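The structure under discussion appears below in the form of structure tokens.
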Amino acid sequence: DSDVYNNTATIAGGGAYVLGTFNGVENLSDIYENSAPNGGGMAVPGGIVNLNTSDMYLNEATAANGKGGGIYLTAGGALTMTNSAYIYYLNQAYDGAGVYADNSTVTMESNSIFRDNIASNNGGALYLTNNSMLISHSGRIGQAGVGLENEAILGAGIYAITSTVDFEGYIYNNLASYAGAGIYAVNSTVNLNNSQVGGTDPYQANTLGPGGWAGAGLFLTNGTRASLDTTTIISNTLPTTTIVAGGGAMVREGSVLTMTNSTIARHSADSTFGGRGAGIYISDGTVTLDNSQVISNTAFTAGGGIRMFGVSTLNMLNNSVIQNNETTDGEGGGVAATGTPDINISDSSLYMNRATTDGGAIYLDAGTLDFRGWWELIGNVAKSGVGGAVAVRDTGDIDFSAENTSYIISNSTLKGSGGAVFIGNKDEVNLTATSGARITIYANNADGDGGAFFADNGAVFDVDGRVSFNNTY
């Protein structure tokens, strides 16, 4: 029961200044109520800190731009947390309330936890910069419960700039006032494996405050490359009082998000001020779904599942699914794409998506949409517009090619034409079943013209191969 508490430094390291090794090895041996301009609890310029069941709390970096309320790691410093070590309970700083790491490494093992740390600027739990690294095996950034949120303007859980996050564990109950409640990453690498961001139980959602904008789960910008493997991003919360986007993830400015065996689900961007891309918002970025799902997301304006803007790319492959997404006052229940989008769908399905206006599954007004391999468009609905499954307008270009049996079934418009597909420009649409493949277009319905397909404004369908129709209007 050895504590380091109630100490003050005038430069750095209120509780300890570690050049060598500091070991905290008992659950009653804690570091608390210390202060300094930087590193309220500890400053670690190249040293090593091991917290094994020891905790840090109520430490403060007091400078106006103070770094590291709990720990300030620099110059290759290293922190290892094991056996439920906590950095928690009102550690405070301008940046990095829990830990600020500059060219340093943080390792979390055995249910170690960051919770209720408060940054007045960025990085509530952790701020990583200058090639720093976070490595987590069963770590937790946040903890479910009233008042247990890590808080910041950006990156309430993790703020990473030119750094790497290799994370396995949970990121939940973090509160950002503007963006990136779970993770805010700038020109960084983010790898989430067997992880959960957000949650459906009480106090698990990562949340943006009343003036928040985007990326309640993840905010990826400036060339960040993120990989999700066997990871779920679920039920993170956007405000309803501002224009909002990307409840699950915001992917922008050349960033790339690759999802493998992963899911983004149950987000709402239903703000009447403008809500777009409740699941994912892509702005000049690339998203690849590999055996992954975007399901049960709702947006007010456009793109219940995914909104694409600018020069953006969406790839769906290997049994990926966009399902049960919805817009409540706009187009593209599954996907709404504008700008210069490139959408590639192969061996994947879009089921039961709903748009209030056009394009129950996909709305495209520019760029390209290509179907390859096998694919399914089933049970999608445009409630008061056109294109029960797909609506293409303006300069959008779409082609269907089936190398294996593919289906366009039971899509519908309730008050418009093109029960399955509506083309409202001069596009020549290729609908091709290659040798040995078949496209079945069945039981689609339009409360207007074109039970399955409607070509307007000079559009042409070029049908080749085994393609069968049986639809109503």
Side-chain angles (χ1 to χ4, degrees), residues 293-299 302-306 314 316 320-328 330-337 343 345-365 369-393 396 398-402 405-425 427 429-433 438-456 459 461 463 467-473:
Q293 300 176 322
V294 177
I295 57 176
S296 300
N297 302 282
T298 301
I306 299 172
L314 171 64
M316 289 182 68
S320 290
V321 175
I322 295 177
Q323 179 177 356
N324 198 38
N325 301 284
E326 183 174 11
T327 58
T328 56
E331 68 268 7
V335 179
I343 305 174
I345 298 172
S346 175
D347 303 339
S348 296
S349 305
L350 293 98
Y351 296 146
M352 296 181 289
N353 301 285
R354 299 169 299 282
T356 298
T357 58
D358 299 340
I362 300 175
Y363 174 85
L364 181 78
D365 65 18
L369 168 59
D370 292 305
F371 290 81
R372 296 287 185 269
W374 65 262
W375 36 267
E376 298 173 328
L377 291 163
I378 299 176
N380 301 286
V381 179
K383 297 178 184 178
S384 62
V386 297
V390 178
V392 178
R393 293 190 181 274
I398 180 174
D399 289 298
F400 299 86
S401 176
T405 300
S406 299
Y407 298 95
I408 302 175
I409 296 177
S410 298
N411 303 284
S412 61
T413 57
L414 304 185
K415 295 183 180 180
S417 298
V421 177
F422 177 93
I423 309 297
N425 58 22
D427 189 22
V429 181
N430 294 306
L431 185 66
T432 304
R438 181 179 186 137
I439 301 173
T440 298
I441 303 168
Y442 176 78
N444 301 285
N445 182 71
D447 185 26
D449 296 324
F453 292 171
F454 187 92
D456 195 12
F461 285 97
V463 181
V467 180
S468 62
F469 290 83
N470 187 351
N471 306 276
T472 60
Y473 66 95

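On a predicted model such as this, the values are computed, not experimentally measured, just so you know. Residue numbers run from 1 in the order of the sequence given.
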Measure the [atom1]-[atom2] distance between [X] and [Y] for me, rounded to the nearest 0.5 Å.
{"X": "Gln293", "Y": "Met316", "atom1": "CD", "atom2": "CE", "value": "10.0 Å"}
{"X": "Ser412", "Y": "Asn444", "atom1": "OG", "atom2": "CG", "value": "8.0 Å"}
{"X": "Ile441", "Y": "Asn470", "atom1": "CD1", "atom2": "CG", "value": "11.0 Å"}
{"X": "Ile362", "Y": "Ile343", "atom1": "CD1", "atom2": "CD1", "value": "5.5 Å"}
{"X": "Ile345", "Y": "Phe371", "atom1": "CD1", "atom2": "CZ", "value": "4.0 Å"}
{"X": "Lys415", "Y": "Thr356", "atom1": "NZ", "atom2": "OG1", "value": "10.5 Å"}

Identify, with sequence neighbours excluded, every residue that meets side-chain contact (heavy atoms from CB on, under 4.5 Å) alongside [X].
{"X": "Ala455", "answer": "Ala459, Phe461"}
{"X": "Ala361", "answer": "Leu350, Asn353, Leu377, Asn380"}
{"X": "Ala382", "answer": "Thr413"}

Which residues share a side-chain hydrogen bond (donor to acceptor under 3.5 Å, both in side chains) with [X], sequence neighbours left out:
{"X": "Asp370", "value": "none"}
{"X": "Glu376", "value": "Ser349, Tyr351"}
{"X": "Ser296", "value": "Asn324"}
{"X": "Arg393", "value": "Asp358"}

Atom of [X], atom of [Y] and distance for their closest heavy-atom approach:
{"X": "Gly304", "Y": "Asn297", "answer": "O-CB, 3.2 Å"}
{"X": "Ile408", "Y": "Ala420", "answer": "CG2-CB, 3.5 Å"}
{"X": "Gly333", "Y": "Ala355", "answer": "N-CB, 3.6 Å"}
{"X": "Gly303", "Y": "Ala299", "answer": "O-CB, 3.7 Å"}
{"X": "Gly418", "Y": "Ala446", "answer": "N-CB, 4.0 Å"}
{"X": "Asp427", "Y": "Ile398", "answer": "OD2-N, 2.9 Å"}

Less than 4.5 Å apart, any side-chain heavy atom of [X] and any of [Y]?
{"X": "Asp399", "Y": "Thr432", "result": "no"}
{"X": "Asn425", "Y": "Val392", "result": "yes"}
{"X": "Tyr363", "Y": "Thr327", "result": "no"}

With [X], which residues qualify under ring-ring contact (aromatic ring centres under 6.0 Å, His included), at least two apart?
{"X": "Phe422", "answer": "Phe454"}
{"X": "Phe469", "answer": "Phe453"}
{"X": "Tyr407", "answer": "none"}

Spell out, as yes or no, whether a donor-acceptor pair under 3.5 Å connects the side chain of [X] to the backbone of [Y].
{"X": "Asn325", "Y": "Val294", "result": "yes"}
{"X": "Ser406", "Y": "Trp375", "result": "yes"}
{"X": "Asp347", "Y": "Trp374", "result": "yes"}
{"X": "Ser320", "Y": "Ser348", "result": "no"}
{"X": "Thr357", "Y": "Glu331", "result": "yes"}

